[in-house]
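Read the structure below first, then the notes.
Chain letters run A, B, ... following the sequence lines, proteins first, then strands; residues in each count from 1.
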There are 2 protein chains.
Amino acid sequence: MTEEVTRALTAAERACRTKGLALTPVRRRVLQLLLESPAPVKAYDLLASLKPDGGAQPPTVYRALDFLTRAGLAHRIEALNAYTACVHVGGRGSAELYICEACGLVEERHRHRAPEDGPDGFHINRSVVEHYGRCSACATAQASA
Amino acid sequence: MTEEVTRALTAAERACRTKGLALTPVRRRVLQLLLESPAPVKAYDLLASLKPDGGAQPPTVYRALDFLTRAGLAHRIEALNAYTACVHVGGRGSAELYICEACGLVEERHRHRAPEDGPDGFHINRSVVEHYGRCSACATAQASA
DNA sequence: CTCCGGTATGTTATAATATTTCATCGGGTG
DNA sequence: CACCCGATGAAATATTATAACATACCGGAG
Ligand SMILES: [Zn+2]
Ligand SMILES: [Zn+2]
Ligand SMILES: [Zn+2]
Ligand SMILES: [Zn+2]
């Protein structure tokens, strides 16, 4: 486990403690798997990774993911049915994700300003914003090819 | 079939003809079902609606939806696994959807400006933007309750 | 006309994603 | 201890989506 992952897990534990949330072993393990992956992870891949530990079932993984996303420790990528650890824990507002279709890299920005309301007085509770394309490394590689 | 739906179907036919695309009976029928629904429709609901016509199978529906979304006649709502007819056919750029969680109403804006690029030279090909909340009618109803 | 290539559809089966339901465990609280 | 409650275990099932192969149809080339 890299130093970076360890630090993120420690930060997550602190964040949970201050909010009165329980970062239990399964939840922590799932978060670790998300942190260790260079690209978004699918629920059933997490499930497979957990199998060696003990015969985990789908609900185990989905419950952990539900907890992590509610706690702001992870994000669900809607158009991929996949999940990624939040790299801006504590950031306010919903995240905008930039997902490289070539290498899977996910970059992330949390919006600071509240989203302005939509047309006709539509009141926004929650936004899903996902941008698909090429990260700078992959864009460069592609251009030179 | 309401006047409005008829008009939208005619417009879709014209749009397809000018682009050399074939709005075949299944595709047209699926688009009609999307146009007639006041709320987003799930693929298997479309499938059920098609059954009476003849025993349609999942691939039939998914292929039609794929065609319609590519042709810009419909949108897939990623976070709902559902589909809705495009109300701005011919609008440039990707759509931003405003989805009422109370009544299912979908409002839609097409972005005029190209999306600015993301962090670190990330190059955006395609964006998914979905806002969830309350339409003005439902927001008012809620407030007075 | 006949053949051929491409697009669209039909058909069967299966893969991938997600939830429901009920049982159990374990830690706090009175 | 008796109770509650949040978390987990376990089995079954629901929902969403695709793979793979066969068939039909329509255009143009020969
Ligand atoms: Zn984040
Ligand atoms: Zn990349
Ligand atoms: Zn549209
Ligand atoms: Zn509404």
Side-chain angles (χ1 to χ4, degrees), chain A residues 12-13 16-17 19-34 37 39-71 73-84 99 104 128 130, chain B residues 12-13 16-17 19-34 37 39-71 73-84 99 104 128 130:
Chain A
E13 267 168 11
C16 283
R17 208 158 19 234
K19 288 194 251 179
L21 301 173
L23 188 61
T24 62
V26 218
R27 292 167 177 176
R28 195 188 135 101
R29 181 90 181 89
V30 169
L31 178 57
Q32 183 191 340
L33 290 167
L34 292 179
S37 169
V41 194
K42 308 279 234 162
Y44 274 66
D45 292 343
L46 291 170
L47 186 54
S49 303
L50 290 178
K51 288 276 179 182
D53 306 9
Q57 301 299 314
T60 301
V61 165
Y62 284 104
R63 289 194 279 228
L65 289 169
D66 183 63
F67 171 86
L68 293 172
T69 52
R70 282 177 196 282
L73 297 171
H75 298 292
R76 173 176 162 87
I77 303 177
E78 297 290 350
L80 298 181
N81 296 330
Y83 303 83
T84 192
I99 300 134
V128 173
E130 299 171 5
Chain B
E13 267 168 11
C16 284
R17 208 156 20 233
K19 288 194 253 179
L21 301 173
L23 189 61
T24 63
V26 219
R27 292 166 174 176
R28 195 188 135 100
R29 181 87 181 92
V30 169
L31 178 56
Q32 183 190 339
L33 290 167
L34 292 178
S37 169
V41 194
K42 309 279 233 160
Y44 274 67
D45 291 342
L46 291 170
L47 186 53
S49 303
L50 290 178
K51 287 277 180 184
D53 305 10
Q57 300 302 135
T60 302
V61 166
Y62 282 104
R63 288 195 279 229
L65 289 169
D66 183 63
F67 171 86
L68 294 171
T69 51
R70 282 177 197 282
L73 297 172
H75 298 290
R76 172 177 161 85
I77 303 177
E78 296 290 349
L80 297 180
N81 296 330
Y83 303 83
T84 191
I99 299 133
V128 173
E130 299 171 4

Proximal nucleotide (of dG9(D), dA8(C), dA10(D)) relative to the T60(A) side chain: dG9(D)
To the nearest angstrom, the CZ-C1' distance between R29(A) and dA7(D) comes to 19 Å
Heavy-atom side-chain contact between S37(A) and Y83(A) under 4.5 Å: no
Rounded to whole Å, how long is the line connecting atom CD of Q57(A) with atom C1' of dT19(C)? 13 Å
Contacts of type salt bridge (Lys or Arg N to Asp or Glu O under 4.0 Å), residue D45(A), not counting sequence neighbours: none
For the pair made of CD in E78(B) and P in dT17(C), what is the distance, rounded to whole Å? 14 Å
Atom pairs under 3.5 Å, N or O on each side, protein against nucleotides 13-23 of chain D: can you list them with distances?
from    : atom 1 : to     : atom 2 : distance (Å)
dT16(D) : OP1    : K42(B) : NZ     : 2.4
dA17(D) : OP1    : R76(B) : NH1    : 2.8
dA17(D) : OP1    : R76(B) : NH2    : 2.8
dA17(D) : OP2    : Y62(B) : OH     : 3.1
dA17(D) : N7     : Y44(B) : OH     : 2.8
dA17(D) : N6     : Y44(B) : OH     : 3.2

Donor-acceptor contacts, no H, no angles, side chain residues 21-29 of chain A, under 3.5 Å, sequence neighbours left out:
from   : atom 1 : to     : atom 2 : distance (Å)
R27(A) : NH1    : A22(A) : O      : 2.8
R28(A) : NH1    : E13(A) : OE2    : 2.2
R29(A) : NE     : D53(A) : OD2    : 3.0

How many whole angstroms separate atom CG of L23(A) from atom P of dA7(D)? 11 Å
What is the distance, rounded to the nearest whole Å, between atom CG of L47(A) and atom P of dG9(D)? 12 Å
Between dA8(C) atom P and L68(B) atom CG, what is the distance in whole Å? 12 Å
Option among L73(A), T84(A), L65(A) that satisfies the side-chain contact (heavy atoms from CB on, under 4.5 Å) test with L34(A): L65(A)
Rounding to a whole Å, what distance do you find between F67(B):CZ and dA8(C):P? 7 Å
Whole-Å distance between dA7(D) P and D66(A) CG? 11 Å
Result for side-chain contact (heavy atoms from CB on, under 4.5 Å) between V30(A) and one of L46(A), T60(A), V41(A) points to L46(A)
Has E78(A) got a side-chain atom pairing as donor or acceptor with V128(A)'s backbone, closer than 3.5 angstrom? no
